Every structure is written in C-alpha cells, then in structure tokens.
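Report on one structure; see the data block that follows.
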Amino acid sequence: MPPTCYLCPLPKQKIIDLYLHTRDLIRHNDDIHMQRTKVKDLLTGAGEGQDVLLKGWVRTKRGNKYVTFIAVNDGSTINNLQVVANADAFSEEVLKDVTTGAAIAVTGELVASQGKGQAFEVQAKSIEVLGKADPEAYPLQKKAHSLEFLREIAHLRFRTNTFGAVFRVRNAMAFAVHKFFNEKGFVYMHTPIITASDAEGAGEMFKVTTLDLDNPPRTEEGHINFNEDFFGRATNLTVSGQMEGEVAAMAFSDIYTFGPTFRAENSNTTRHLAEFWMIEPEMAFYDLKMNADLAEEFIKYIIRHALEHNREDIEFLAQRLAEEDKAKPQNERQEMTLIEKLELVVNNEFERVTYTEAIDILLNSNHYKKKKFQYDVSWGIDLQSEHERYLVEKHFKKPVIVTDYPKDIKAFYMRLNDDGKTVAAMDILAPGIGEIVGGSQREERMDILVERMKMVGIDPEEMWWFLDTRRFGGCPHAGFGLGFERVVQFVTGMGNIRDVIPFPRTPQNAEF
C-alpha cells in the first residue's frame, strides 16, 4: 500500500495529486479573473514588467527548436503583438494547435522586445487554444489575397490588415458623424426604413410585402391588390430619410438621420450598392449658402477625426494604394498620395461655382477641345464623374461646390430659382471620387411645390403629410445627403465601394 500522510488517512500520492489539481485550479481562476489587455494598449507598454492576459487570433507562427514566435492580433490595431514561447516551457505537442487563424489566450510578462519591428513582446507562461483553425482549410494564409477573393469570404476578410484598417476607419468616422451633430445641438432622428413614398421620384425601389407571391390577390382590373397586404397599401424600402427629416426639422429646427437606405438599381459598378448608409441633416431657417457651409465643415470634421485617431490605419492604406499605383501605367497613377489628398480637403476652403460657370470651364478646357471626355458637355447635362473630377483635380485642384443646377435634372423638392430654369441645389465634388455630397434649399412655397410634384407624376394627395409642413408654419429650410460609404471610400482610398461596407449587397449578391 502507498504510504499515508501523518494524521491523514489518504495516501501521500493522492494528497500530492490533490494539491497539484488545487494549485492548477487557483492559477486557472486567476487567469480567468485577470483583466484582458488589448494589443493596442500592450504595444504602448501598458503593464510592462507585469503579467498580462492577451486574447486574439494567430496571424503567424515561426521558430526553431529553442523558441517559437507567435504574432497575435485582436483587431484593436493594425499591428500584431509578438508572443515568445520558449521550448523549455512549451513542447511542440502543446503548440501544434497554435496555427494561423486559431484563437488563443496567453498569459505572460510584458517585456521590452529584443528583436526589431516591435517595442514590446510577451514572454509566455501559459497558452490556451480557445478555438482551432485547420491550416489545410483556413483560407487566409501568409500571402497576398486579391480583393475579389476576399469579397467571396467577406465573413473572414475583417481579419486581414487591409479590411481591419478600413473598418476601424469606418467605425471612427461613424462616431465622428454623431459627435459633430451632437456638438451643434442637432437631434438624431430615426426615420422609417419601410415607406410608401419615393423621395427621389426614381422608382427604383425594393418592394415590401407579405402577400403570397405565387398567388397574390388581384383587383378586378387584374392588378395586385395591395389593400390586402400587411400595410394595406404598396410599400417599399426607403431610398432616403429626407422627407421625414423635413417633417422633424419643422419642430426641432436642426435634425439629422444616419441609417440604411436601399436602391434597386441594376448597376454592377465599383460605385454602386443596393444597400448603403446615408447621413441626411435637415435644417429649418437655412438657405443654400448656409447649407453648403455646414456640409463643408462637416466633411472636414469627420476626415480630420479619422486622420487624428486612425493615423496608423490610414498610413497603411496609403502605402497599399501607393504599391497598387506602381503597377499602373504612368498616366493612370494618382498625382497625390492618400494622405496628401485628405490634407488637401481639410486644409483648403472649397471652391464655389455655379453649374453654368462649371459648364463654361469644361467647354473652354483643352481636355474638351482635344476630345478627351468620354461624355459630351453642354448646358443641361447631368455632370458625369469625369467632368466632376476634371473640375476638382485639373482645374481648381481642390474640392468644389457646384450650385444652381438645371431644374430638369434635379429633384422636385429643390427650390426653384428666380430664373425659372435652375434650382437652389448644391453638389460637393472631391478629388478621386467626384460627387460626395448632394443637397439643396428645399421648396417651401406650397403652390410651386405642388406644381413640381405633378410634373414628375407624384400625386399631391398621396403626399398630404409632406405638404402639411408647408401648409402649417412652413419656413425656408435646407439639407443635404452624404453617402457614408462614398466618404469612407474617399478616406481609405479603396477603389471599390463594396470594400468599405461589411457585407455588400449588389445585383445577384446577398451572401452572408
């Protein structure tokens, strides 16, 4: 029989085993209650000389028979933290599941790094694999992946440096949107996603219905009978929160919306999405100039916020863009770096010209005379991206606000100017992307608004509630819309708008 301990009936080995098990439980309990520190903070040296708890995903693992180096990232920064696992503390059997993509928890001492590339590293004392990643199946390995391939695995692309940087910038800019308007005393208004109106009059909307699509109820004329639908009428996903925003502005003076909008436009381009986010402020007692002033201030504010709070991410994206540019022909390369372009916006007053002046500039340009424009130029056209970019990048070499567009190419709700031909509209054009903001002073005169609605085929009786904002205490007011993905695309330098929204919705694509 095994020897027993003095005054204890249990065998000595049993006591030793119980002691070791209890010690391990205490250590595990300590690890559980140890505060996890994010990689971003550890890289600043927070907790140097102390034991820290780190959790994240393995980016790479390398080493030799003496030591293993593990690069860990938790999404808080573009930079990885190196974990050092000495062979005398960890066997290969323990480390075999520490593979690229695996989720791990590491405790160890944060020390100054002996190698190049990082200031601090963790000398591991314990490593636990929280979630394995089969290296034969995990699609993200230590090699370059095309953006097209990464769109096919959008649920994993956040783990790459590029998309980690893009969506940290997006996060910062979303925060800056709310911060800007909150500081100015605006009321954040949640406008409907389901609507019975078409704010743009474009008709390219997604229908919302609970009717049986295989056998929908029909009227005597053979049309679908939406009276029997959930809402008792035909409804759609919204393309804009503007009209409801105008209603709110007639009570709160200054409001803004920031939410998803939808357009069923069959455009498979790098500039279009079927689902996107819009920022739409509406301000009572504003005219066109005040509207343009606010929009300029707003754009500068959110870009400056991203430059100040996500500098490392933007520098990485700028370097990526520069490398991408090297593969292009000389005449297709960017004239400015990404950061130069962003600083150009925040450090310069935007140029202001009327639409008529812009057309004259284009007609008198060597670009037009040498027939370098793909689309023709004449008064009355809707400016194409190439025209907008010429004004910004070639002529003025800074952002441009174009005002007073022909009424026939703008929405019915824009205020008719005294000339009867143009409306008090404004678009802000930015380098590299063209239009980034569209807005106007709204038509507050009831009779003119009703006439404009009839001209575009909108029944005024269907929009009675909208007209009430003019009927009861109407006043001059204005607003603008900023496509959030457009401005994120501008700040990150990404060439395809599908790469700046987490899960892109485009024609024939609604994965994830």
Side-chain angles (χ1 to χ4, degrees), residues 200 202 204 239 261 263 265-274 276 278 295-296 299 303 321 324-325 328-329 331-336 338 341-342 344-345 350-406 408-411 425-440 480-501 504 506-507:
E200 302 294 332
E204 297 165 333
V239 298
T261 52
R263 189 179 290 283
E265 183 178 358
N266 192 17
S267 295
N268 236 323
T269 76
T270 59
R271 292 167 52 85
H272 291 89
L273 291 166
F276 50 97
M278 287 290 292
E296 178 177 347
I299 289 171
I303 292 176
L321 191 60
E324 194 178 75
D325 240 21
K328 296 179 180 178
N331 64 329
E332 294 181 14
R333 295 181 185 178
Q334 302 283 336
E335 293 184 5
M336 294 178 286
L338 178 60
K341 183 176 70 174
L342 299 178
L344 175 77
V345 172
F350 293 6
E351 190 69 35
R352 303 192 185 204
V353 297
T354 66
Y355 170 90
T356 301
E357 290 169 338
I359 291 294
D360 288 341
I361 290 169
L362 294 170
L363 288 173
N364 290 309
S365 68
N366 287 330
H367 218 70
Y368 176 76
K369 292 173 182 177
K370 293 179 180 180
K371 299 183 178 180
K372 291 186 177 181
F373 287 126
Q374 181 181 351
Y375 296 92
D376 195 20
V377 178
S378 62
W379 199 95
I381 66 163
D382 201 354
L383 294 177
Q384 300 296 316
S385 180
E386 61 174 347
H387 304 141
E388 295 169 341
R389 292 186 61 179
Y390 177 86
L391 293 169
V392 173
E393 298 167 27
K394 302 295 183 184
H395 188 81
F396 291 111
K397 298 187 183 298
K398 60 179 177 178
V400 179
I401 303 178
V402 180
T403 63
D404 303 303
Y405 283 78
D408 293 337
I409 62 172
K410 287 297 182 180
M426 66 100 182
D427 287 346
I428 297 183
L429 315 180
I433 197 169
E435 181 192 340
I436 200 168
V437 164
S440 71
F480 62 84
L482 171 68
F484 188 51
E485 282 73 29
R486 283 279 178 92
V487 74
V488 175
Q489 190 180 3
F490 177 72
V491 172
T492 59
M494 300 300 287
N496 194 320
I497 200 166
R498 302 177 191 202
D499 295 330
V500 297
I501 191 167
T506 54

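Values in this document were obtained by computation on a predicted structure and should not be read as measured data.
For Asn268, the side-chain contact (heavy atoms from CB on, under 4.5 Å) partners two or more places apart in sequence, or in a different chain, are Arg498, Pro507. Ser365 pairs by the side-chain hydrogen bond (donor to acceptor under 3.5 Å, both in side chains) definition with nothing, not counting sequence neighbours. For Tyr390, the ring pair (Phe, Tyr, Trp, His ring centres under 6.0 Å) test picks out His367, Phe373, with sequence neighbours left out. Judged as a salt bridge (charged side-chain N to carboxylate O under 4.0 Å, His left out), and not counting sequence neighbours, the contacts of Asp499 are Arg151, Arg157. In this structure, Phe490 has no ring pair (Phe, Tyr, Trp, His ring centres under 6.0 Å) partners at least two apart in sequence or on a different chain.
By the 6.0 Å contact criterion, NZ on Lys369 is enclosed, its count of non-hydrogen atoms from other residues, nucleotides or ligands being greater than 12.
Using a 4.5 Å cut-off on side-chain heavy atoms (C-beta onward), Val353 and Phe396 make contact. Asp376 has its side chain out of reach of Ile381: every pair of non-hydrogen atoms, C-beta onward, lies at least 4.5 Å apart. By the 4.5 Å heavy-atom criterion applied to side chains, Leu362 and Tyr368 are not counted as neighbours. In this structure, Thr356 and Asp404 have side chains that are not in contact, with every pair of non-hydrogen atoms separated by 4.5 Å or more. For the pair His387/Leu429, no side-chain contact is recorded, criterion being any heavy-atom separation below 4.5 Å from C-beta on. Using a 4.5 Å cut-off on side-chain heavy atoms (C-beta onward), Leu273 and Thr506 make contact.
Shown here for Met336 and Pro431, the closest heavy-atom pair between the two residues is CE-CB, 4.4 Å. Smallest separation of non-hydrogen atoms from Ile436 and Leu482: O-CD1, 2.8 Å. For the residue pair Met426 and Ile428, the shortest heavy atom distance occurs at SD-CG1, 4.1 Å. The shortest heavy-atom contact between Ala430 and Val392 is C-CG1, 3.7 Å. The minimum heavy-atom distance between Ala425 and Ser440, with the atom names listed, is CA-CB, 3.8 Å. The nearest pair of heavy atoms linking Glu435 to Arg486 is O-NH1, 3.3 Å.
The salt bridge (Lys or Arg N to Asp or Glu O under 4.0 Å) pairs that include a residue from residues 381-395 are Glu335-Lys394, Arg389-Glu393, where partners are two or more places apart or lie in different chains.
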